[in-house]
Amino acid sequence: MLAGAIYALSLTGLSVYGQSAVSSAASSSVASGSVATSSAASAASSGATSSSVSGSTNTEATALTFSLTVTNPTAIPLASITANETSLATIPLPSTATPGATNTFLSGAPALPNPTSIVSSNYPTLDKVPPTDSDEVQQWISEVAASGISIPNITQTVLGGCPANAEAAADTSRCWWSCTGCVRDTDVQECPTKLTWGLTYDDGPSFYTPNLLAYLTANDLNATFFTVGSRCAQFPVTLQEEFMAGHQIAVHTWSHPYLTTLTNEQVIAELGWTKKVIKDVTGVTPNMMRPPYGDIDDRVRNISIAMGLTPVMWTRINATATFDTDDFDVHGGLASSYGVLNNWQNIITQANEIDTGFIVLEHDLFEETVQLATGYILPSAMNQSFDIMPVINCLNKPLSDAYIETNDNSTNPPAASGVTILIWFSGVVTLSSGAPGSASATGAASSSNSGIGLEVSGISIAQTLSGGFVFIALFL
């Protein structure tokens, strides 16, 4: 992840996320608990004590600790994948979708919107935490308040990660993933089936995402893309291509902040605007999110759940070791391409030893991260016994369960907790897709009365809909 400096791309218009050493006093290796602390620059700026699961002794390594057995024949040499490399020409998208087309991978998907409708003036300033006084954010705040999900009164953290927030880091009750590795039952951290890899990429779409998409398509692979709202507004056609190719689209906030440092209202704005722009571009609303830097506690977690978003992390085998290749840090010069592949090789070893499947942290924001993925990591993975797929599929759920508009709740009810609600209805019942955590519930309906048990937290509701009557009873 990102540490100790603010980085700039050679291409204008694409944001890079991070904190300066002065303002942060700590790298995101502390905030995410994932980067190998052997990186001298990272450790010096952050005081980090966490490490990559890879066990690599030097993320700035100048050589591999193993022998490469398979690579992409067109791979860029490792020695050339560096922070100061000369950017190569990007490739065009494999195709561009036609507005009005339907996703052949997604049953029941609405027609694809026209990307020219995405106008910057309709959205907050790119790469800035959105204001909370807009009509949209005020509506989302009201929906969270009405969701019935309790938002814990947990104090915000300050920039600087665990060392700058010693009291919060020691408070296990807040379940701060960054510092303790704590997860709740609502979190996704691994795939249940051994040797199954839930393939994910964060921070795009970007200039280099088409390179990755071309490789994934050529090798019949699909992934989950945790997209930044500002990038979705900047690259709507690329986002549509990800979606139409059968990849899972999920939320990674609007401006990529440390969420535990924000107010409740700011967290809602970050998630809400990202959900909105994704729907505006693709026609569907995602129901999964990943917090930038892995920065999540029970306050942020419950806000996410109240907004219908299941948190997805990456595999962690103990409090300080996670499945992070460290690919993000190559662009900033804090890790080497050799160190990333040493990390990956050790992740392979660990993935074969654990009893579950796994999720790895990778990125499609930078040229270097895409070069490492397409040239080395993916060819190596395909040479293993791994079953590679999006996170939604690795959870044994269909792609349709990844979006509010196409999820019928039969196999993927909204993430929530606290009470059991029984819904009795006659005929087909459709819950409003605009409500937090809601979806179309049509799959189990019939002309006779039926009962559905949903795990949600909230309020007693009686609502009459066209064609049926819905009674929701609260049992404590």
Side-chain angles (χ1 to χ4, degrees), residues 110 113 117-153 156 227-230 232-233 236 239 249-257 259 262-289 291 296 299-311 402-407 409 413-416 418 421 429-441 454 456-465 470 472:
S117 65
I118 306 303
V119 180
S120 60
S121 59
N122 293 334
Y123 300 95
T125 303
L126 300 186
D127 304 305
K128 301 289 185 183
V129 176
T132 61
D133 58 354
S134 67
D135 291 343
E136 293 89 348
V137 175
Q138 287 299 306
Q139 175 63 28
W140 299 328
I141 291 171
S142 297
E143 291 174 353
V144 169
S147 70
I149 295 174
S150 175
I151 311 303
N153 185 23
Q156 296 165 234
T227 57
V228 172
S230 293
C232 296
L239 181 66
I249 309 301
V251 168
H252 199 46
T253 72
W254 180 259
S255 67
H256 205 273
L259 287 177
L262 304 186
T263 66
N264 291 1
E265 294 77 14
Q266 288 174 322
V267 173
I268 292 169
E270 284 279 343
L271 299 177
W273 278 113
T274 309
K275 288 176 63 179
K276 176 174 169 49
V277 73
I278 291 173
K279 181 175 182 179
D280 290 347
V281 173
T282 66
V284 294
T285 310
N287 58 20
M288 288 187 175
M289 64 83 73
I296 192 169
R299 180 175 65 91
V300 173
R301 182 177 287 111
N302 282 22
I303 291 172
S304 301
I305 293 167
M307 298 185 73
L309 296 167
T310 296
Y403 306 105
I404 288 176
E405 291 77 8
T406 57
N407 175 22
N409 289 342
I421 291 179
V429 174
T430 300
L431 302 181
S432 166
S433 63
S438 64
S440 297
L454 298 176
V456 298
S457 175
I459 55 178
S460 297
I461 302 173
Q463 182 178 5
T464 302
L465 299 179
V470 182
I472 303 181

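Quick note: residue numbers are just sequence positions, from 1.
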State, to 0.1 Å, how close [X] and [Y] come at their nearest heavy-atom pair, and which atoms those are.
X	Y	value
Val281	Pro113	O-CD, 3.4 Å
Trp254	Asp127	NE1-N, 4.1 Å
Ser255	Val228	N-CG1, 4.4 Å
Leu309	Met289	CB-CG, 3.7 Å
Arg301	Pro311	CG-CG, 4.1 Å
Ala233	Leu126	CB-CD2, 4.1 Å

Partner set under side chain to side chain contact (heavy atoms under 4.5 Å, CB included) for [X], not counting sequence neighbours:
X	result
Thr253	His256, Pro257, Leu259, Glu270, Leu271, Pro292
Ser134	Glu136, Val137, Trp273
Pro152	Ile154, Asp298, Asn302
Gln266	Val129, Thr132, Leu262, Thr263

Which value, rounded to the nearest 0.5 Å, describes the distance between [X] atom [atom1] and [Y] atom [atom2]?
X	Y	atom1	atom2	value
Thr310	Asn287	OG1	CG	6.0 Å
Ile249	Thr274	CD1	OG1	13.0 Å
Asn122	Lys276	CG	NZ	7.5 Å
Ile118	Leu239	CD1	CG	9.0 Å

[X]: which residues meet the side chain to side chain donor-acceptor pair (under 3.5 Å) condition with it, sequence neighbours left out?
X	answer
Ser304	none
Gln138	none
Asn264	Arg299

(request) Using a 4.5 Å cut-off on heavy atoms from C-beta on, say whether the side chain of Tyr123 contacts that of Asp280. (result) yes
(request) Would you mind reporting whether Trp140 and Lys275 have side-chain heavy atoms less than 4.5 Å apart? (result) no
